[in-house]
Number of protein chains: 2
Amino acid sequence: MLPSSTVENYLKAIYLGEGHLADDQRLVPMGQLASALGVAPGTATTMVKALAESGLVEYEPYNGVRLSAAGEKLAALVLRRHRLIELFLVRVMGLGWDEVHDEAEQLEHHVSDRLIERIDEMLGRPEVDPHGDPIPKADGHVARHEFDTLLTCPLGERVTVTRVTDQEAPFLRFIEQHNLMPGESIEVEARDEVSDSVRLKGRSDQRITIGMRAASKVRVSASDASSRG
Amino acid sequence: MLPSSTVENYLKAIYLGEGHLADDQRLVPMGQLASALGVAPGTATTMVKALAESGLVEYEPYNGVRLSAAGEKLAALVLRRHRLIELFLVRVMGLGWDEVHDEAEQLEHHVSDRLIERIDEMLGRPEVDPHGDPIPKADGHVARHEFDTLLTCPLGERVTVTRVTDQEAPFLRFIEQHNLMPGESIEVEARDEVSDSVRLKGRSDQRITIGMRAASKVRVSASDASSRG
DNA sequence: TGAATAATTTTGACTATCCAAAATTAAATC
DNA sequence: GATTTAATTTTGGATAGTCAAAATTATTCA
Ligand SMILES: [Mn+2]
Ligand SMILES: [Mn+2]
Ligand SMILES: [Mn+2]
Ligand SMILES: [Mn+2]
């Protein structure tokens with residue numbers, strides 16, 4: 001009865017897919033799901049129908065799929081394992097933040113509850129992973145902070161990077177090389193629609209200009225008093 | 001082309017099964033293999049024929065199966081991962097030596113070469129796992145020490161426990177509770193065929209009497225100068 | 001050496017997961 | 001509103017791994 005790694009991957013992909021959507025209409029389209037998982041569309045359809053049978057998702061033909069309460073809890077626990085493992089690999093094993101995602105993608109399905117509890121304890125019950133993604137609690141509850149991106153935050157004010165929402169290694173290495181990792185204090189100097197670019201002032205007034213697509217993947221919060229690492 | 005965890009488990013079971021046998025006639029019978037893996041006999045037959053197709057084993061119908069050179073190397077690498085993981089879980093994560101085997105049984109298939117290298121480095125290139133089992137090198141080479149068991153070692157001489165060849169948690173807990181773990185210095189006082197028992201003098205002259213079956217699972221070496229932790 | 005027993009292999013069938021291509025439905029466009 | 005396009009589902013088929021039970025081969029033992 002325990003879910004296979006395939007099932008866990010589907011649930012997680014739906015969970016993450018739902019994130020992009022509004023609170024009411026949170027149906028993930030089949031096409032998006034299939035491409036997120038790297039399977040053919042028909043495969044996703046078949047699989048989702050099976051998941052619906054076992055009560056983990058609700059499926060609306062031609063519209064998409066959403067998680068049931070049970071499915072959402074399971075997905076959150078997979079994500080918890082994933083993110084705790086990522087942080088563990090960076091902090092304890094000394095791996096780079098750009099190489100832990102793929103490793104966690106495998107291990108998240110094969111680590112026992114007992115070991116996860118050990119890791120959580122050893123890391124001091126952390127709230128976020130190396131990319132700033134929140135770590136769900138053991139009961140499946142997730143703290144959902146809403147942050148601005150570099151596209152929506154105020155201009156000319158110091159802000160702190162809180163989260164980088166792209167797991168691709170080359171992007172993460174770029175972020176690291178330019179001191180834009182979570183915790184860094186930066187400022188958006190200007191945005192230009194025409195050139196599709198955003199100009200930043202980074203650590204020690206270092207200037208960088210990045211594209212808007214990239215800018216939308218960096219989340220920030222106001223750099224004043226109230227914050228939690 | 002990379003082997004599935006099922007294939008890895010078969011190769012490892014054959015490798016370990018061969019251990020019991022003499023150097024010439026090292027064919028593992030199908031029945032033993034099937035029961036080691038917890039599958040039906042017919043399943044093992046089918047699977048072994050497939051392994052033979054891909055050149056990982058040599059299969060003699062009605063006689064049994066042995067590893068090819070390629071299969072032996074693969075098996076040794078799986079065992080390397082298994083044992084490094086066990087030691088890591090005990091030394092770094094603080095798990096008990098009686099609970100790491102099952103965890104390692106899963107993780108051995110899903111940990112990357114990179115992470116294994118990190119673990120090996122972090123542990124200081126260890127030679128043996130928490131049970132005293134030798135850890136194969138990255139090239140597949142294994143140091144095969146031959147040790148006496150408590151059934152064959154000299155009577156009335158101090159010896160050092162080097163290895164405990166049973167992974168069952170209750171047995172390991174028994175060993176631990178009576179200070180018979182690898183590294184402990186003990187002495188066999190007497191053996192009695194009739195009562196099927198072996199009397200030991202343990203740490204601080206503590207006396208224990210165990211059965212011969214159990215005694216055969218504890219390996220020891222002479223307690224004098226030359227030894228390697 | 002012939003029958004009884006034990007080990008092994010074969011057969012037929014099942015589940016989970018996947019793909020390619022055809023068929024269908026929905027959305028967009030004229 | 002009819003037609004083209006895009007998304008989705010269906011169909012037919014494949015692979016890996018498994019089991020139960022029947023058939024076969026080997027072994028034991030009288
Ligand atoms: Mn995964
Ligand atoms: Mn992450
Ligand atoms: Mn295993
Ligand atoms: Mn071991």
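Convention: sequence-line order gives letters A, B, ...; per-chain numbering from 1. FYI, side chains are in, hydrogens and waters are out, and symmetry mates aren't considered; it's all heavy atoms of this structure.
Across all strands shown, G42(B) has heavy atoms under 4.0 Å from base atoms, whether or not it also approaches the sugar-phosphate.
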* To do: Given side chain to side chain contact (heavy atoms under 4.5 Å, CB included), test D120(B) with R80(B) step by step and report yes or no.
  => CA-CA 10 Å; D120(B) 188 35; R80(B) 170 178 166 80; 3.2 Å; yes

* How far apart are the C-alpha atoms of E72(B) and R26(B), what are their side-chain angles, what is the distance that settles it, and do they pass the salt bridge (Lys or Arg N to Asp or Glu O under 4.0 Å) test? -> CA-CA 13 Å; E72(B) 183 163 342; R26(B) 30 168 69 296; over 6 Å; no

* To do: Apply the test salt bridge (Lys or Arg N to Asp or Glu O under 4.0 Å) to residues R114(B) and E99(A): give CA-CA distance (whole Å), side-chain angles for both, the deciding distance (0.1 Å), then the verdict.
  => CA-CA 10 Å; R114(B) 171 161 202 109; E99(A) 52 188 357; 2.8 Å; yes

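Considering only the side chain of P41(B), dT9(C) comes nearest among dT9(D), dT9(C), dG17(D). Looking at the side chain of A40(A), the nearest of the listed nucleotides dC19(C), dT10(D), dT9(D) is dC19(C). Closest approach to the Y62(B) side chain among dT10(D), dT24(D), dT8(D) is made by dT24(D) (side chain taken as heavy atoms from C-beta onward). Of the candidate nucleotides dT18(D), dT8(D), dT17(C), dT18(D) has the atom nearest to the side chain of V39(B).
Contact detail for Y15(A) and A75(A): the closest heavy-atom pair is CD1-CB, 3.6 Å.
Within the structure, every side-chain polar atom (N or O) of K49(A) is placed at least 4.0 Å from both OP1 and OP2 of dT9(D). Contact annotation: T46(A) does not reach the phosphate of dT17(C) (side-chain N/O to OP1 or OP2, under 4.0 Å). Residue Y59(A) places no side-chain N or O under 4.0 Å from the OP1 or OP2 atom of dT8(D). Proximity of T43(A) to the phosphate of dC18(C): no side-chain N or O atom is located under 4.0 Å from OP1 or OP2. Distances shown here put every side-chain N or O of T45(B) at or beyond 4.0 Å from the OP1 or OP2 atom of dT8(C).
Distance M30(A) CE to dT24(C) C1': 16 Å, rounded to the nearest Å. Spacing between atom CG of L51(B) and atom P of dT15(D) amounts to 17 Å, rounded to whole angstrom units. Atom-to-atom, CG of N9(B) to P of dG17(D) comes out at 11 Å; the value is rounded to the nearest Å. Between E53(A) atom CD and dT15(C) atom P the separation is 14 Å, expressed in whole Å. Distance NE2 (H109(B)) to P (dA16(D)): 18 Å, rounded to an integer number of Å. Rounded to an integer number of Å, the gap from OH of Y10(A) to P of dT17(C) is 8 Å. Per the geometry, CE belonging to M1(A) stands 14 Å off C1' belonging to dA16(C), to the nearest Å. Across the protein-nucleic acid pair, L33(A) atom CG and dA7(D) atom C1' stand 14 Å apart, rounded to whole Å.
Using a 30° and 60° split on the angle between ring planes, F88(A) and F88(B) fall in the perpendicular class, above 60°.
E121(A) has a carboxylate O that lies under 4.0 Å from a charged side-chain N of R118(A), or vice versa, which qualifies the two as a salt bridge.
Seen from the ring of F171(A), K217(A) counts as a face-on cation partner, given the 6.0 Å and 45° thresholds.
Among L51(A), L27(A), T45(A), the single residue meeting the side-chain contact (heavy atoms from CB on, under 4.5 Å) criterion with Y59(A) is T45(A).
Across its full length, the helix from dT1(C)-dA30(D) to dC30(C)-dG1(D) shows an angle of 0° between the axes of its 5 terminal pairs at either end, rounded to 10 degrees.
Taking for each of N63(A) and M47(A) the nucleotide of DNA chain C with the nearest heavy atom, the 5'-most of the two is the partner of M47(A).
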